[in-house]
Number of protein chains: 2
Amino acid sequence: MADVAHLTESMEMYLKAIYLVEQRKRAARVTDIAHELGVIPSSVSAALRTLSKLELINYAPYDIVTLTPQGLEAAEQIMQKYDALRDFFVKVLGVEKSIAESEACQMEHRISEEVFDRLLNFVHYYEECPYERIRWDEKIGYFCSRNEANCRHCTIRDPA
Amino acid sequence: MADVAHLTESMEMYLKAIYLVEQRKRAARVTDIAHELGVIPSSVSAALRTLSKLELINYAPYDIVTLTPQGLEAAEQIMQKYDALRDFFVKVLGVEKSIAESEACQMEHRISEEVFDRLLNFVHYYEECPYERIRWDEKIGYFCSRNEANCRHCTIRDPA
DNA sequence: GCAAAAAGTTAGATATTTAAAACAATTCCA
DNA sequence: TGGAATTGTTTTAAATATCTAACTTTTTGC
C-alpha cells in the first residue's frame, strides 16, 4: 500500500486537482487536470502513471481518471489543510480571498497534522467567541472594539 | 543585479544557513553550512557557486563565505518570515518550540509580504492587548478565561 | 463509417537538487 | 617542515518535474 505521508508536493497538487474536477464532473480527463493546474497534457500523463502505481487513482492510458478510496482520503486531507489555511488568512488575518487562496495552495503541502489541528481549532474559537474583538481593518490594521481606557489599542475607535 | 524575489527555495535555505553561521562566527565554511543544513559538502559547493554568481555571497573556491549586502538583506527577509511564523505557532497556537521551528522553516519560503505583514501585526496585537483572553491549553485546547454566562467556551474554566 | 478535430501518449531535452566517489587543497601539529 | 587529517572540489549519477515535438488513439459530426 502506498504511503500517503510521503507524497511529493507535485503529486499532492495532482491529487487535489483530480478531486476538484471530480466535484464538478463524474470523472476527470487529462485535459481537465491540465487546465486546473496550468500544465500541459503530457505532464499530466506522467503524473497519472505515478499516482496509478501508488494506487491513488483508477487510471489506464486514454481512460478517464477517478480517485481510489486511498486517493480520496489523501485528497481530502490536503483539502482540509487548504481550507484551514485559507480560512485563517481570510477570517483572522483579513486577507483578500484570491490572495488567501493562492497562499493556502502553496502552504497546504507543508503544514503538519498538529499545526493544522490547532489552526482549525483556533479559527473556530476566534469566530465563535462573542467576547473576542480582535479584528482587522483595511486602514487601521488590527483593532480592538472594546474602547476601554488604559489600553492603547482601544484608543483606536472601532470603525464598524 | 540579482533578483532576490526569484530565489529558489533551496537557495533561500543556503542563504539562511550562512546567515545563522555568521551569527555565531565571523564567517562560514563549507562544512559549517553542510552541517547546518544536513547536506554533504559537495552540495554546498554547488550552491555557493550559484549564490556567488547572484552576488549574494562573497566566495571563492577554498575560501570562507560571507554575505554581501544584498545577500544579507535577502537573508534577513527570510529570517523575519521564519520568526513571524515560529512566533505565531508558539505564542498563538501553543505549538511546542521544536515543532514550531521545523514548521516555520518549511513555510518561510511560501509566505507573501502581505500575509507576513498581517501575521506580524496579529501576533503583536494578540500578545499586547490585555483584554483578549483566547489562550491554548494542552488538555482543553483553546479556552476563554472570561468565564461569563451565555458563552459556551467560557464554561471551560481557565486553568491558569 | 469515415475524415477531421480533439485528446492523450511517448520520447527526448532541460532544469533543479542532491549524493557518491575520487581527487585536490589546506590546515594542523609533532 | 612535512605528512596525516581535515576540508573542499569536481565529476558523475540519480530522482523529480516539466516542456517540446512527434505520434497515436478516441471522439465528433456529417
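Every value quoted in this text rests on a predicted model; they were computed, and no experiment measured them. Letters A, B, ... are given to chains in the order of the sequence lines, protein chains preceding strands, and every chain is numbered from 1. Side chains included, hydrogens not; waters and symmetry mates left out as well; all remaining heavy atoms used.
A donor atom on one side chain and an acceptor atom on the other are not found under 3.5 Å apart for T68(A) and N58(A).
In terms of heavy-atom proximity, I57(A) sits nearest to L48(A) at CD1-O, 3.5 Å.
In this entry the distance linking CG of L37(B) with P of dT18(C) reads 8 Å, nearest Å. In this structure, K53(A) atom NZ and dA15(D) atom C1' are separated by 13 Å, rounded to whole Å. One atom, CZ of R29(A), and another, P of dT28(D), lie 9 Å apart when rounded to the nearest Å. Straight-line distance from the CG atom of L54(A) to the P atom of dA15(D): 15 Å, rounded to whole Å. Rounding to whole angstrom units, CD1 of residue I64(A) and P of dT9(C) are separated by 13 Å. Between the CG atom of D32(A) and the C1' atom of dA6(C) there is a distance of 13 Å, given to the nearest Å. Here the P atom of nucleotide dT16(C) and the CG atom of L51(B) are 13 Å apart, to the nearest Å. Straight-line distance from the CG atom of D63(A) to the P atom of dT27(D): 9 Å, rounded to whole Å.
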Check against side-chain hydrogen bond (donor to acceptor under 3.5 Å, both in side chains), E12(A) and S10(A)
CA-CA 5 Å; E12(A) 288 193 355; S10(A) 177; over 6 Å; no
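A salt bridge links K81(A) with E113(A): the closest approach of a Lys/Arg side-chain nitrogen to an acidic carboxylate oxygen falls below 4.0 angstrom.
Phosphate proximity of dT10(C) to R49(A): present, with a side-chain N or O under 4.0 Å from OP1 or OP2. Within the 4.0 Å cut-off from OP1 or OP2 of dT18(D), not a single side-chain nitrogen or oxygen of S43(A) is found. Distances shown here put every side-chain N or O of S42(B) at or beyond 4.0 Å from the OP1 or OP2 atom of dG8(D). At dG8(C), none of the side-chain N or O atoms of Y59(A) fall inside 4.0 Å of OP1 or OP2 (strictly under the cut-off). Contact between the side-chain N/O atoms of Y62(B) and the OP1/OP2 oxygens of dT10(D) is not found at any separation under 4.0 Å. Under 4.0 angstrom from either OP1 or OP2 of dA6(C) there lies no side-chain N or O belonging to T31(A).
Proximity note for V30(A) (side chain, C-beta onward) versus dT18(D), dT9(C), dT17(C): the nearest is dT9(C). In the set dT9(C), dA17(D), dT7(D), the nucleotide with an atom closest to the side chain of S10(A) is dA17(D). Distance from the side chain of S45(A) is smallest for dT9(C) among the nucleotides dT9(C), dT18(C), dC19(D). The T8(B) side chain lies nearest to dT17(C) when the options are dT17(C), dT9(D), dT18(D).
Between Y14(B) and Y19(B), a ring centre-to-centre spacing not shorter than 6.0 Å is recorded.
Using a 4.0 Å heavy-atom distance criterion, P61(A) is classed as a sugar-phosphate-only contact. No engagement by V44(B) is indicated, since no non-hydrogen atom pair under 4.0 Å with the nucleic acid exists.
Both I40(A) and E9(A) lie close to DNA chain D; mapped to their nearest nucleotides by heavy-atom distance, the more 5′-ward contact belongs to E9(A).
Aromatic ring orientation, F88(A) versus F122(B): perpendicular (interplanar angle above 60°, classes split at 30° and 60°).
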